[in-house]
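The structure appears right after this line, and notes come after that.
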Amino acid sequence: MQPQGQITDITCDVLVCGAGLGGVAAALRAARLGLRVCLTEEAAWPGGQVTTQGVSALDEHQNIETFGGTAAYYELRNGIRAYYRSAYRLSATAESAGPLNPGNAWVSSLSFEPRAAATVLEAMMAGPHNSGALQVFYHTRAIAAEVFTGEVRSVLTRQTESGALIRFHARFVLDATDLGDLLPLTATPYAVGAESQAETGEPSAPAAADPTCFQFLTFPFAVEWRPGENNTIPKPDGYDTNRTAQPYSFVYKTADPVAPVYQMFGTAPGTHGAFWTYRRALDATNFDDPRIPNDVSIINWTSNDYRGPAPIDRTALGLAALYRDARLLSLGFLYWLQTEAPRDDGGAGYPELRPRPDVMGTVDGVSQMPYIREGRRLKALVTIREQDIAAASQRGVRAAPQAASAGVGLYPIDLHGCSINTVSLPTRPFQIPLGALVPRRTTNLLAAAKNIGTTHLTNGAYRVHPVEWAVGEAAALLAAFCLRGGRTPHEVQDNPRLVLRLQLLAIDQDVPLYWYDDVPIGHPAFAATQLLAVANVWPGSDDTLSFRPDESVSQFDAKRAIVAAAEMVQAAGGRASPASASLQVTMGDAFTPMTRDAASQALADALPDAGGPPAPALSDPPTRADLARILAVVVRHVIDSDRLGG
């Protein structure tokens, strides 16, 4: 064991603190781009909310099976399904169904055991780790930082088991911790609690700011249904107080006097399904395997939301005491379920519920770490507000466009608030603004998880699994781009041409930046449609999320897109004629398909010297995808050329 006073110094290109979903995504992307990466994590597993925090029913959206995540996020989702197919024998029902959902939770299209996700994430990191590109340090927490003239020079960490001190010297530091641990250590300004309406202009913000208003944290727990057994745990400390104060209940919204009461296994009127299947991790009917004889469920309900003080800015002893109280709250809910919960068949209590420590990697079946919905939020170059993403504030099917988009997401503004109430506001499919990752002052620190520049309200939409992953990947792409070009994040954010180059890098890594629900990753026109949209050469229409790649392109859409591409070439100093006669819009163009000859002529007139590699051939009549792929060659050449500047 190393003496506590001795410091080991390690140098790397990128230090990622926090191995939650954002941290793992960032570390993987940076390593895959050829950087030397160090990843620290205070828990024993990677994955954060999906593993150590027990939220293993993914909070996603209706499009996720085909669109809305990065390629690396789909690698995780596919890896989880492959894990169960290889580790267990599936039932005939599961084999014949659609995409495998091990738990068949009604809240998610993919629910599973936290330990399974940890196994998959470790496998994803094995390649970069074995090559030396990625070093991972578990049970390690940042405790101090050296900052000079706005630059983080080093981060000092302590390994919690041994007390050993490690000081990391990195060119870029990514804060992917759930609480935003590095923000105070680096004197980077941050926000806490709820902003006032006067500060943000948000319709749903309170009249007065409340820095104590945080979303609740939760310790989920895993239980197996064991018919005929009595697995009742000892009565936890504080049970009587917690039972009344929460209160423990099958009602999800306890503050609503007319809220429906859920049943354990049945579907009560007005509910979405059974309490048991809400976040079920293993549905035994999916398996023909003696190792899974019964269902296993993860209990993450408003009854075990901890409504005590926020976990930030506390001493180690104070934080440990807070987490102890929150764990006892969850164990109390388990005890209530086992002894007092109303049974569907009459009577009280379900003693058949057996804790599953192995599922969580703990001694009692409660998660290793609390599910942190909200911590410190970066005061960033861009702050995402309710009116930027809420459905009520949008004129079209997408949220307000972000010129410097670094990713996409979709989830309601879902708040487990600072009172007994919960809030859910619909949103439109939104983007992740690049500036929300960048501090106003610190030059080489980036937010890489739930700590980006949101408000208290919009944090409720950006904290979920695929969005946190996309944020982490975006942070790594920005760091890599800056290191390659000798730029700072502020220079990139302020220069639209540099933003386009960064976006091209992201698209080439199969990171979607714009919402098209019918052009998924892997589609021949994915990169083209994404690039043309973010370059504002061919953005989507306000009335549909679809691009319709296989439809014939109308003369109106073709002319408009060719003109936009020609204007981009002309602005970059190239030879182009966006005002050519063949591009003049005429009556009926919107309803008339463009012919191959007309498209070829329009392209030749507008872009006589576009350069770049040979364009794809046009079909007759050309499809929208055909034209998009041709114009993307032109736009890519402009972005890649020195003429673009920046």
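All values reported here derive from a predicted model rather than from experimental measurement.
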Does any part of the side chain of R314, heavy atoms only, come nearer than 4.5 Å to the side chain of P309, both counted from C-beta? yes
Just by modelled atom types, is the S108 backbone N or O under 3.5 Å from a matching donor or acceptor in the E60 side chain? no
Where D364 and L331 come nearest, the two heavy atoms and their spacing: OD2-CD1, 4.1 Å
Quick check against the 3.5 Å criterion: does E386 have a side-chain atom that pairs as donor or acceptor with the backbone of S204? yes
Judged by modelled atom types alone, do T218 and R373 share a side-chain donor-acceptor pair under 3.5 Å? yes
Give me each pair satisfying salt bridge (charged side-chain N to carboxylate O under 4.0 Å, His left out) with a member in residues 208-217, each pair once, sequence neighbours excluded. none
OH/Y462 to CZ/F430 distance, rounded to the nearest 0.5 angstrom? 4.5 Å
Check: Q387 main-chain N/O paired with E202 side-chain donor or acceptor under 3.5 Å: no
Between D388 and T458, is there a side-chain heavy-atom distance shorter than 4.5 Å? no
Please check if the side chain of Q159 supplies one atom and the backbone of H139 the other of a donor-acceptor pair under 3.5 Å. no
For the side-chain contact (heavy atoms from CB on, under 4.5 Å) test, which of N451, D175, D181 pairs with R376? D181
Quick one: CG on L110 to CD1 on I64, what's the gap to the nearest 0.5 Å? 10.0 Å
Closer than 4.0 angstrom, basic N to acidic O: yes or no for R327 and D237? no
Between R81 (side chain only) and L100 (backbone N and O only), is there a donor and an acceptor less than 3.5 Å apart? yes
Using the salt bridge (charged side-chain N to carboxylate O under 4.0 Å, His left out) rule, collect all pairs that involve residues 449-461, keeping only residues at least two apart or in two chains. D178-K450
Donor-acceptor pair, R280 side chain versus W106 backbone, under 3.5 Å? no
Lys NZ or Arg CZ of R307 over F216 ring: under 6.0 Å, within 45°: yes
Are the side chains of Y323 and P370 in touch, meaning some heavy atoms are under 4.5 Å apart? yes
What's the shortest heavy-atom distance between G47 and V24, and which atoms? N-CG2, 4.2 Å
Do T302 side-chain atoms and Y252 backbone N/O form a donor-acceptor pair below 3.5 Å? yes
Within 6.0 angstrom of R343 CZ, more than 12 heavy atoms from elsewhere: yes
Spacing of CD belonging to E161 relative to OH belonging to Y138, to within rounding of 0.5 Å: 13.0 Å
Would you confirm whether R463, through its side chain, and D414, through its main-chain N or O, come within 3.5 Å as a donor-acceptor pair? yes
Answer whether the closest heavy-atom distance between the side chains of Y83 and F112 falls below 4.5 Å. no
Assess the side chains of E473 and T70: does a donor N or O sit below 3.5 Å from an acceptor N or O? yes
Distance-only donor-acceptor check, side chains S111 and N101, under 3.5 Å: yes
Is there a side-chain contact (heavy atoms from CB on, under 4.5 Å) between E374 and H416? Walk through the geometry before answering. CA-CA 10 Å; E374 178 184 5; H416 292 233; over 6 Å; no
Taking the six-membered ring for Trp, is the centroid-to-centroid distance between F250 and W336 below 6.0 Å? yes
Can K379 and E195 be said to form a salt bridge (Lys or Arg N to Asp or Glu O under 4.0 Å), step by step? CA-CA 12 Å; K379 287 192 174 181; E195 297 90 347; over 6 Å; no
Does T427 reach the main-chain N or O of Y411 with its side chain, forming a donor-acceptor pair under 3.5 Å? yes
Do the non-hydrogen side-chain atoms of N286 and Y84 ever get within less than 4.5 Å of each other? no
Roughly how far apart are Q215 CD and H456 NE2, rounded to 0.5 Å? 6.0 Å
pair T157-L165: side-chain heavy atoms closer than 4.5 Å: no
Interatomic distance, CZ@F265 vs CH2@W276, rounded to 0.5 Å, equals 6.0 Å
Residues in side-chain contact (heavy atoms from CB on, under 4.5 Å) with R226, at least two apart? E224, E229, N231, N294, R354
Short question: side chain of T186, backbone of L182 - any donor-acceptor pair under 3.5 Å? yes
When F275, W301, Y278 are each screened for ring-ring contact (aromatic ring centres under 6.0 Å, His included) with Y262, the one that passes is W301
Assess, by modelled atom type and distance only, whether the side chains of T188 and T442 contain a donor and an acceptor separated by less than 3.5 Å. yes
Using side-chain contact (heavy atoms from CB on, under 4.5 Å), reason through V192 and I312 one step at a time and then give a plain yes or no. CA-CA 9 Å; V192 294; I312 68 164; 3.4 Å; yes
Atom pair CD1/CZ of I299 and F221 - distance to nearest 0.5 Å: 5.0 Å
